[in-house]
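Inspection log for the structure reproduced underneath, given as C-alpha cells.
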Amino acid sequence: MKYIIEGGKQLKGEVTLSGAKNSALKLMAASILTKQEVILENVPKIGDVFTMIEVLKSLGVRADFDNGTLVLKADNLTSYEAPFDLVSKMRASIIVLGPLLARLAKSRVALPGGCKIGLRKIDIHIRGLEELGAKIEVSHGFISAQVKRLTGKKIELDFPSVGATENLLMAAVLAKGTTIIENAAREPEIADLANFLSNCGADITGIGTDTIKIEGVKQLKGCRYRVIQDRIEAGTYLAAAACTKGDILIKSADASLLTMVIHYLKEAGLDITANAKGIRARSNGCLRAIDLVTLPYPGFPTDLQGPLVASLAVAKGSSIVTENVFENRFILASELNKMGASVSTQNHHAVIKGVPNLIGTKVKAPDLRGGAALIIAGLLAKGETVVEDAFHVERGYEDISSKLQSLGADIRVER
Ligand code: UD1
C-alpha cells in the first residue's frame, strides 16, 4: 500500500489524538496477569494492536475489540509460547515474556523482529528476569524462561530500557517479596502501565520515577482502564504543522508529556501555546535550524527524531541531530535526500543543511516513524510524493490519512 501526497497545502484546523500505541500494547500484555476480565478503552485501531490481539489469542486469551474498547479475559491460558510468525511482525511481542512467566512459571517467545532501526537487544530483559529467579535459555530462535517462584530483588538496569522496565514490572507484581527496579525508564507509558496494574490490585510505588518499588501480591483482579493519549502522534502533527505554514489545534493534548518536543519546536520558530483546550501550533512556514539530541524520557523522544528531521530539511541553516537511543535510526536520510534534502550522517550524528524546498518523488517507508517522517516531507514538498510500504505507518498511527485530510492535506491511500 502507498500514500500519494500532493504537497504544499497549509495544515489548518483541529485534530484529536488516539490512545498511545506504546501503552495499549503493554496493558494488553498485562491482561495475562489476571484471570478476570480487563476492559481497555481508547485503544487505537492500528496494525500493532491487531498483531498483539493475535499474540494474546494464540496464548488462549479471549479478546473482543469493538470501536476502541478491547475486552480481554485470560481465564484459560492454553499456551506459554508466542510464535515466530507473530513476533516477527512486531518486536513489542517480547513484552509477554514477563507476564507469562509470572502467571504460568514458564514462557517461550520467538526472538523479535519489528522496526529495522538497530540491533534492539534483549540482554537487559534477560538479566533482570534472571535476577528474579528465572532460568533463561536463548536458542533456536527462541527465548525460553522458567522459574519455580519469582522472587523480588533489587535490580539496577544498565540502561533505562522501556521494554525491560515493563517486562520486569509485570513479572514483579506477582513475585514473592519486594522488587526494586533502579535506573528504570520513566516514559509516561510505563506510568500508565503501573497505574493500570495498581487498579488491578498491584502494590507499586515510585510510579513515574527511575526507582520503582513493587511489593508482590498473590493475585490481580480485572479492571476497566482508559489508555493515555499518544504523545508521539501529537509530536508528529506538531512537526507537520511546523513546515506547512500550519495553524492547528491538537485537541486535549497534554503539553506536560511533550516538554522537550515543544522546547525544540519553539526554538525552531514554531509558535506553540498550550491550555485546557489542547496545544495550538502556528507557523509562518519558516523554520530555523536547531541542534537536537534524543534521550530517554524526559528527553526528546527518539520516535520523533525522524519527523523533526523531515521538517528541519527545509529550515534556514544547518541542524545537527544526535541519536542516543537507537543506533540505526538515520536510514531515513537517503529517502529524504531523494526528495532534494541534504542530510549527511556519521555514526549517531546527522547534519541537515536546510534547503529551500523538497521535491516530490517516489520514496519507501523504512519503518514506522520513518514512514511518518516521509509523509511530513511529502506534505511540505513541491509536487507529488508517493510513500511506498506505507503499511509500516499504519502499524502505529490511527487514521493518519483521514486526520491529515481533515487538516487540509491532499493525501490519499492506495491499497
Ligand atoms: C520502546 C518503544 C519505542 C521507543 C523506545 C525508546 C514500544 C512498543 N516501543 O521500544 O517506540 O522508540 O521504547 O523510547 O514501547 N536495549 C539493550 N538491551 C535490552 C533492551 C534494550 O541494549 O535488553 C537497547 C536497545 O537496543 C535500544 C535502547 O536500549 O538501543 C532502547 O531500547 P528500549 O528502551 O528497550 O526500547 P523498546 O522497549 O524496544
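We count residues from 1, following the sequence as given. Whatever order the structure lists them in is the order used to number ligands and atoms, beginning at 1. Since we're looking at a predicted model, the values are computed, not measured. For the numbers below, each heavy atom of this structure counts, side chains included, while hydrogens, waters and symmetry mates do not.
Between R62 and D75 there is a salt bridge, since a side-chain N of the basic residue sits under 4.0 Å from a carboxylate O of the acidic one. Ionic pairing of K266 and D271 is not present here: no N-O contact between side-chain nitrogen and carboxylate oxygen is shorter than 4.0 angstrom.
Side-chain contact between D410 and I5: absent, with no pair of heavy atoms (C-beta onward) separated by less than 4.5 Å. Side-chain contact between L129 and L97: present, with at least one pair of heavy atoms (C-beta onward) separated by less than 4.5 Å. Two residues are said to be in side-chain contact when any heavy atoms from C-beta on lie closer than 4.5 Å; Y3 and V386 fail this criterion. Looking at F142 and E137, their side chains never come closer than 4.5 Å, going by heavy atoms from C-beta outward.
With D158, N324, N22, L25 as candidates, the residue nearest to atom 2 (C) of ligand 1 on a non-hydrogen basis is N22. In this comparison of K121, E323, H125, the heavy atom closest to atom 16 (N) of ligand 1 sits on K121. Proximity annotation for atom 13 (O) of ligand 1: of N167, V162, L193, V162 comes nearest, heavy atoms only.
The distance from ligand 1 to the heavy atoms of A92 drops below 4.0 Å at these ligand atoms: 8 (C). Atom numbering of ligand 1 starts at 1 in the shown order; those under 4.0 Å from a heavy atom of D303 are 3 (C), 4 (C), 11 (O), 12 (O). Distances below 4.0 Å separate heavy atoms of K26 from the following atoms of ligand 1: 7 (C), 8 (C), 15 (O). Within the listing of ligand 1, atoms 35 (O), 38 (O) sit less than 4.0 angstrom from a heavy atom of G163. Of all atoms in ligand 1, numbered sequentially from 1 with element shown, those under 4.0 Å from a heavy atom of I122 are 19 (C), 23 (O). Close contacts between ligand 1 and F159 involve ligand atoms 28 (C), 29 (O), 31 (C) [criterion: under 4.0 Å to a heavy atom]. Near R91, with a cut-off below 4.0 Å to any heavy atom, the atoms of ligand 1 are 39 (O).
Annotation: side chain to side chain contact (heavy atoms under 4.5 Å, CB included) contacts of Q219 (sequence neighbours excluded): none.
Side-chain contact, E189 with S23: no donor N or O sits under 3.5 Å from an acceptor N or O.
Considering backbone and side-chain N/O of A164, none are found under 3.5 Å from N/O of ligand 1. Residue-to-ligand polar distances keep F326 apart from ligand 1: every N/O pair is separated by 3.5 Å or more.
Judged by the shortest distance from any of its heavy atoms, R329 lies inside the 4.0 Å radius around the atoms of ligand 1. Using a 4.0 angstrom heavy-atom cutoff, R369 does not count as in contact with ligand 1.
Checking each of D367, D48, V49 against R395 for a side-chain contact (heavy atoms from CB on, under 4.5 Å) leaves exactly one that passes, namely D48.
With a heavy-atom cut-off of 4.0 Å, I126 does not touch ligand 1 at all. Here E189 has no heavy atoms under 4.0 Å from ligand 1, in either its backbone or its side chain. Only the side chain of T302 comes within contact range of ligand 1, with a heavy atom under 4.0 Å; no backbone atom does.
Within the model, atoms CD1 of I290 and NE2 of H263 stand 8.0 Å from one another, a figure rounded to the nearest 0.5 Å.
Using modelled atom types, no side-chain atom of R329 and backbone atom of G306 make a donor-acceptor pair closer than 3.5 Å.
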